[in-house]
Amino acid sequence: MTREEYASMLFPNCKHDRAYYEKKYKRRELPEGAFVTRIGPSPTGFVHIGTLFQSVIATKLASQSGGVSYVRIEDTDQKREIENGKEAILKAVSDYDMPFNEGPIIGGDYAPYVQSERVDIYQAFAKDLIIRDLAYPSFITEEELAKLTDEQARLKQRIGYFGKWAAKERAYTMEEVMEKVNNGESYTIRLKSQGDFENKVFIDDAIKGRIEFPENDMDSVIIKSNGIPPYHFAHPVDDYLMGTTVVIRGEEWLSSVPLHLEIFKALGIEPIKYAHTSSIQKEEDGKRRKISKRKDPEANVEYYTKMGIPKEAVKVYLLTLANSNFEEWYLANPGVSTDEFKMTFEKMSGSGALFDTEKLNNIAKTFLSTVSAEDLYERILNWARVYDESFASILDSNRDKAISFLDIERHGNKPRKDIGMYSEARDTMMYMFESPEKYDWQKITDKNEIASILKTYMDKYYDDTDNDAWFSKVKEMCDELGYASDMKAYKKNPEEFKGSVADVSTVIRVGITGSSRTPNLFDIIKILGRDEVEKRINKLL
RNA sequence: GGCCUGUUGGUGAAGCGGUUAACACAUUGCCCUCUCAAGGCAACAUUCAUGGGUUCGAAUCCCAUACAGGUCACCA
């Protein structure tokens, strides 16, 4: 039996050989210095903020260098898979304005972009390793492996399948293997490691710099018993065939670099550049940890949609985490598209940043202060249609009123920044559409005094011609009722007055809106109109 | 436990042998002011995890230690 025949027996379903695929997928022709980047998310139905973080880096580096970015779905673990997982990922990256050039559904010259559809490719490469005696079939069961691990732990030795622990299986003859296979024993394919733990290998990581490791000496599984490879084998094969120039991935992969380097070497492929990003962290009980899908709602991209945080703001926040000089650039270039910013590996931090909700909120508020009232209205409405139907129908039937309200203090160079997420909109503007149910009185709480102020206001001092006229009337009323119309005078001698114009305005404000914190009162009165204001005040009286 | 990474204020960070240790968020105070939001001004690290060393000079270079994180699967 030749080694070719032997390999074919081990891969009975493998249609093509390695050379076929190397010929099929041509090398990319790109300008000097162009990056080919990718993201490799697993379709679990849950789009992780980290995926978005990798995406913004991958797409930006590719587009600014005249390169290519693509999405490759890494679904080699069917246990975790979920229906529509890849659609969710593709939708998220497109929603967040991270345009990949190739991927599933999008297409491209290196299709398929889904690992489960590339099984024949991986097998062809694994078969090549069998032929060249750099891999071997392994029949060890999970139970045996667990026993071995215990034994190693007891002996306080390095844990894993390597060296003498793997010697028995490495030594099987082709005939022995054939017999086991014919008996129906299931097997994996393992790398026959040539490495020595005493030797060093290193990478020049684009973010972390030069890192040295002991060589890999583990006989890792490269094809699982179901014929599908684990990540460790799919990664070198795919990134080679698909022409990736730099692998951007989370630092949790750092420790498997020696394994990947050895696989590249066994395959006779030039290893590619790595850029290991530090992971976004969360603090809990004074301890930092990687942001967790299970514990932290903000790990799920859907959270931002649900809260109504603008996608633009999320992207800006991710950019500030990705490149330390982005924030200054962003502040210095208002109104300029973030596409203009030049991203570099040098400005990526080697340490993990704590997720800062406050900062995100600030970015969101600032961003929303720059959009037009109409735009903001549409954004809030679209959000409400999904998450707050009753509010959506109110907005729908009060379009003009809502827009007028949102337009208050929105102009000039100091626009109002009171809404950071669409989910806050209901509370900040509901009083425009119906009479308040609760009244947040401040300094003046006496019912008779409140009634007197509101009644006098409506009877004698109502004015909605313009802001100055309106305020003059309020001041006149203060003089009549014994309140200070001039704040400076009041501050000097507060004891001479019952209160100030501020207190009186507050009564009017709360009387109409229920809230003590609103945008400019005159504008609100003007939008509501005399009839509505009168109705509300009479109801109160 | 082995291997790897990281450590500058509450947070994100700039810094690359000589700086008053940028900037931004948050916080506090003042100003503006009919409230709120915004805006303006100011305060907030004598010290860069700790201890040694090199140097005229160290956050920056070297060595130890501590702490934190990651990883050691037929998961990614």
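Note on naming: letters A, B, ... go to the chains in the order of the sequence lines (proteins, then strands), and numbering restarts at 1 for each one.
Looking at the side chain of A:N467, the nearest of the listed nucleotides B:C34, B:A37, B:A76 is B:C34. If you check B:A76, B:C36, B:U5 against the side chain of A:R517, the one that comes closest is B:C36. If you check B:G70, B:A37, B:G12 against the side chain of A:E252, the one that comes closest is B:G70. In the set B:A68, B:U5, B:C74, B:C74 carries the atom at the smallest distance from any side-chain atom of A:S225. When distances are taken from the side chain of A:E328 to each of B:A68, B:A22, B:C4, the shortest belongs to B:A22. Comparing B:C74, B:C32, B:G12 by their nearest atom to the side chain of A:K488 picks out B:C32. Taking every side-chain heavy atom of A:N362 into account, B:C25 is the closest of B:A37, B:C25, B:U35. Checking B:A76, B:C34, B:U5 against every side-chain atom of A:S505, the shortest atom distance belongs to B:C34. Side-chain proximity of A:E74 to B:C4, B:A76, B:G15: nearest is B:A76. In the set B:C4, B:C36, B:A76, B:C36 carries the atom at the smallest distance from any side-chain atom of A:E409.
The nucleotide B:C3 finds its pairing partner in B:G70, both defining distances of the Watson-Crick or G-U wobble pair being shorter than 3.5 Å. Under the Watson-Crick or G-U wobble criterion, with both distances below 3.5 Å, B:A14 has no partner in any strand shown. Across all strands shown, B:G53 is found opposite B:C61 as a Watson-Crick or G-U wobble partner, with both distances under 3.5 Å. Nucleotide B:G9 forms no Watson-Crick or G-U wobble pair with any nucleotide shown, as no partner meets the under 3.5 Å limit on both distances. The base-pairing partner of B:U47, taking Watson-Crick or G-U wobble contacts with both distances under 3.5 Å, does not exist among the strands shown. B:A42 and B:U28 make up a base pair, with Watson-Crick or G-U wobble contacts both under 3.5 Å. Across all strands shown, nothing is found opposite B:A22 as a Watson-Crick or G-U wobble partner with both distances under 3.5 Å.
Using P as the reference atom, B:A22 and B:C31 are 27 Å apart when rounded to the nearest Å.
Projected onto RNA chain B by closest heavy-atom contact, A:K359 and A:N413 fall at different nucleotides, the more 5' of which corresponds to A:K359.
Between A:R416 and B:G39, a side-chain N or O to OP1/OP2 separation shorter than 4.0 Å is absent. For B:G15, one of the phosphate oxygens OP1 or OP2 lies less than 4.0 angstrom from a side-chain nitrogen or oxygen of A:K347. Residue A:K417 places at least one side-chain N or O closer than 4.0 Å to OP1 or OP2 of B:G39. Dashed line: the shortest gap from a side-chain N or O of A:S349 to OP1 or OP2 of B:A13 is under 4.0 Å. The phosphate of B:A76 has OP1 or OP2 within less than 4.0 Å of a side-chain N or O from A:T76.
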Check the pair A:K460, A:E476 against salt bridge (Lys or Arg N to Asp or Glu O under 4.0 Å), reporting the backbone distance first and the verdict last. CA-CA 10 Å; A:K460 292 163 69 180; A:E476 279 174 42; over 6 Å; no
Pair A:R158-A:F162, side chain to side chain contact (heavy atoms under 4.5 Å, CB included): steps then yes or no: CA-CA 9 Å; A:R158 267 193 312 129; A:F162 65 100; 3.4 Å; yes
Please report the C-alpha distance between A:W253 and A:Y231 in whole Å, then the side-chain angles of each, then the deciding distance to 0.1 Å, and finally whether the ring pair (Phe, Tyr, Trp, His ring centres under 6.0 Å) criterion is met. CA-CA 11 Å; A:W253 291 111; A:Y231 172 88; 3.9 Å; yes
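Between A:I222 and A:P229 there is no side-chain heavy-atom pair separated by less than 4.5 Å. Between A:I291 and A:E298, the closest side-chain pair of non-hydrogen atoms falls below 4.5 Å.
Rounding to the nearest 0.5 Å places CD1 of A:I512 at 8.5 Å from CD1 of A:I524.
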